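Only one structure is covered here, and it is reproduced in the block below.
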2 protein chains.
Amino acid sequence: MTHQAYRDHTDILAASPGTEDKSGEAVRPCPQNPAISCSGCRLSDLCLPISLNKGEIRQLDDIIERSRPMRKGEHLYRQKDNFRSIFAIRTGSFKSYVLGPDGQSRVTGFYMPGEIMGMDGIADRHHSVSTVALEHASVCEIPFSQLEKLGQQLTNLQSRFIAIMGNEIVKDQHIHTLLSSYSAEQRLSSFLLSLSARYARCQLSPDRFILHMTRSDIGEYLGLTLETVSRIFSAMQKKGLINVRNREIDILDMARLKAIVGES
Amino acid sequence: MTHQAYRDHTDILAASPGTEDKSGEAVRPCPQNPAISCSGCRLSDLCLPISLNKGEIRQLDDIIERSRPMRKGEHLYRQKDNFRSIFAIRTGSFKSYVLGPDGQSRVTGFYMPGEIMGMDGIADRHHSVSTVALEHASVCEIPFSQLEKLGQQLTNLQSRFIAIMGNEIVKDQHIHTLLSSYSAEQRLSSFLLSLSARYARCQLSPDRFILHMTRSDIGEYLGLTLETVSRIFSAMQKKGLINVRNREIDILDMARLKAIVGES
DNA sequence: CGCTCTGTTGAAGGACTTCAAAACACGTGG
DNA sequence: CCACGTGTTTTGAAGTCCTTCAACAGAGCG
């Protein structure tokens with residue numbers, strides 16, 4: 001394994017990136033360093049604090065509750081829960097999903113460090129989806145009532161938050177067109193490119209990463225069956241576009257991948 | 001034609017609902033009554049003013065520009081346009097769409113009276129979709145910078161606007177699950193039920209209405225071909241669920257329609 | 001009245017699903 | 001450390017739902 005350095009991306013985000021361990025869980029130092037703050041967070045230029053000055057960030061810091069690290073499979077909140085807070089991911093990744101009337105789940109999104117979860121509960125004060133950690137993870141909890149209050153004082157914060165919601169709407173529209181008109185191969189190409197770009201945003205390798213979700217999760221998200229996901233991955237590998245080894249993805253030909261979805 | 005009274009729903013929204021005309025366009029009085037205001041608008045309990053008191057509504061009124069009526073096919077704004085305002089629909093309906101790299105369009109949404117358009121431009125200050133009138137229509141234009149400013153003064157307005165955005169996100173998630181897991185018949189049932197509920201909100205008949213969009217529009221929106229839309233409509237009619245006569249829809253069995261999409 | 005856009009319907013084909021079986025990975029406990 | 005069991009992934013074969021292609025009918029508008 002020549003690429004051990006990238007084995008677990010969260011290593012890079014953790015407090016002591018030098019420590020490596022094979023299990024990926026036991027030895028790693030707790031990412032919940034009590035000294036963390038928005039101004040010290042390496043994600044601050046992707047997250048809510050963008051465009052805030054130091055004083056403003058300090059005020060935002062004051063209302064943020066940095067909760068305990070979460071284990072894989074642990075829920076952040078569930079469908080129907082009362083809405084109290086939105087959450088910014090510090091480390092790890094999450095999926096959101098809903099349960100259909102027949103009891104089977106439908107994945108509605110994947111979330112990575114620096115991204116905001118919980119906005120599904122703003123409208124009617126109850127969450128409309130459930131959110132679960134796909135790996136060890138940690139989040140910043142931002143009580144919404146306090147965010148609203150602070151937003152009234154800090155114009156920049158208010159605008160920033162509204163922009164984040166606006167961006168969510170644009171992303172949802174993009175997913176809408178993807179689901180309504182893309183082939184299975186286009187959907188998966190687009191999915192991989194999205195992950196790649198988001199890993200790059202976190203200063204992680206854009207062409208070699210781990211899928212923390214199952215094939216079934218991906219299928220539910222993209223409107224495909226898990227078998228189709230698997231088959232398309234295999235076909236892409238055969239074409240020399242990617243290398244798939246279990247959950248490990250190597251993007252070999254980014255340009256051709258982009259061509260598949262129609263991005264020049 | 002026993003149902004002439006419902007022939008054109010916009011009649012009911014117009015200033016003088018008593019006037020009837022066969023063309024649906026020539027005789028109707030101009031909906032752009034200069035006397036209109038949020039407080040006088042019959043849609044005020046669906047639109048941005050919800051939960052505002054009279055003084056607050058007056059302030060909102062002051063920043064709203066009531067633009068001229070629009071003709072069918074006229075664009076409100078286009079993809080890539082600078083973002084200046086959001087728009088509340090007074091009368092008529094719109095569709096939003098994007099043009100793919102190959103030049104063919106993908107419908108991303110339909111909008112009805114009381115609903116807000118233009119939030120696709122908030123994030124990066126340029127619109128990500130185009131919006132076009134599906135029939136004669138009129139809108140209230142709300143310059144975004146002024147809305148932001150006013151929102152800083154009026155807490156209720158700020159919350160209301162954020163709630164509208166949150167609601168948009170929830171609706172997009174619902175569409176996501178629809179596109180990723182529903183059959184063609186379920187998609188169309190869900191679509192008709194959505195239109196029905198929204199017409200009811202406008203005090204219009206929930207079980208007899210006009211589709212102002214083409215089969216192709218519906219298909220692009222739901223991820224189906226226009227032929228499939230047509231076929232499923234025919235099949236639903238054969239089953240006694242609906243009556244379709246060109247663009248006129250009668251919902252005959254609401255309960256069974258809901259059962260198709262899994263709503264008890 | 002005739003043109004064009006829209007909608008319907010049929011027949012054939014294809015992309016993805018479904019069902020099924022086996023291989024593989026991973027965590028647990030011996 | 002290995003054996004085992006569960007959950008995940010791969011791959012195949014058959015089937016299905018929807019699409020594509022095509023022709024025609026109807027509606028709307030000059």
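Throughout, a chain's letter reflects where its sequence line sits, starting with A, and its residues are numbered from 1. This structure is a prediction, so every number in the text was calculated from the model and none was measured. The analysis underlying the following values was restricted to heavy atoms, covering all of them including side chains, and did not include hydrogens, waters or symmetry mates.
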B:Arg71 atom CZ, neighbour heavy-atom count above 12 within 6.0 Å: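 Not more than 12 within 6.0 Å, no.
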
Between [N] atom [atom2] and [X] atom [atom1], what is the distance in whole Å?
X	N	atom1	atom2	answer
A:Leu179	C:dC16	CG	C1'	15 Å
B:Arg247	D:dG26	CZ	P	17 Å
B:Ile210	C:dT6	CD1	C1'	15 Å
A:Arg245	C:dC24	CZ	C1'	13 Å
A:Glu227	D:dT10	CD	P	11 Å
B:Tyr182	C:dT17	OH	C1'	19 Å
A:Glu220	D:dT9	CD	P	12 Å
B:Arg215	C:dT6	CZ	P	12 Å

A:Arg215 side chain to A:Ser230 backbone, donor-acceptor under 3.5 Å: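 Checking the backbone N and O of A:Ser230 against the side chain of A:Arg215, no donor-acceptor pair under 3.5 Å is found.
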
B:Arg231 (side chain) and D:dT20 (base): donor-acceptor pair under 3.5 Å: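 Yes, a donor-acceptor pair under 3.5 Å.
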
Donor/acceptor link under 3.5 angstrom from A:Glu185 side chain onto base of C:dC16: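 There is none.
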
Sequence neighbours excluded - salt bridge (charged side-chain N to carboxylate O under 4.0 Å, His left out) pairs with any residue from residues 218-242 of chain A: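 Matches after skipping sequence neighbours: A:Glu185-A:Lys239.
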
[N] phosphate, OP1 or OP2: any side-chain N/O from [X] under 4.0 angstrom?
X	N	answer
A:Asn246	C:dC26	yes
A:Thr228	C:dT17	yes
A:Ser183	C:dA15	no
A:Ser234	D:dT11	yes

Sugar-phosphate only, base, or nothing, as touched by B:Gly219 at under 4.0 Å among non-hydrogen atoms: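 Contact class for B:Gly219: none.
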
Touch class at under 4.0 angstrom, heavy-atom based, for B:Leu226 against every strand present: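 Base, at least one base heavy atom under 4.0 Å.
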
Which nucleotide in D:dT10, D:dT19, C:dT9 has an atom nearest any side-chain atom of A:Val244: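 Nearest to the side chain of A:Val244 among the choices is D:dT10.
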
From C:dG7, D:dT19, C:dT17, nucleotide with atom closest to B:Thr225 side chain: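 Of C:dG7, D:dT19, C:dT17, D:dT19 is nearest to the side chain of B:Thr225.
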
Qualifying residue for side chain to side chain contact (heavy atoms under 4.5 Å, CB included) with B:Ser93, from B:Leu211, B:Leu134, B:Leu195, B:Ile210: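 Among B:Leu211, B:Leu134, B:Leu195, B:Ile210, the one meeting side chain to side chain contact (heavy atoms under 4.5 Å, CB included) with B:Ser93 is B:Leu134.
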
Residues forming a ring-ring contact (aromatic ring centres under 6.0 Å, His included) with A:His75, sequence neighbours excluded: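 For A:His75, the residues satisfying ring-ring contact (aromatic ring centres under 6.0 Å, His included) (neighbours in sequence not counted) are A:Tyr97.
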
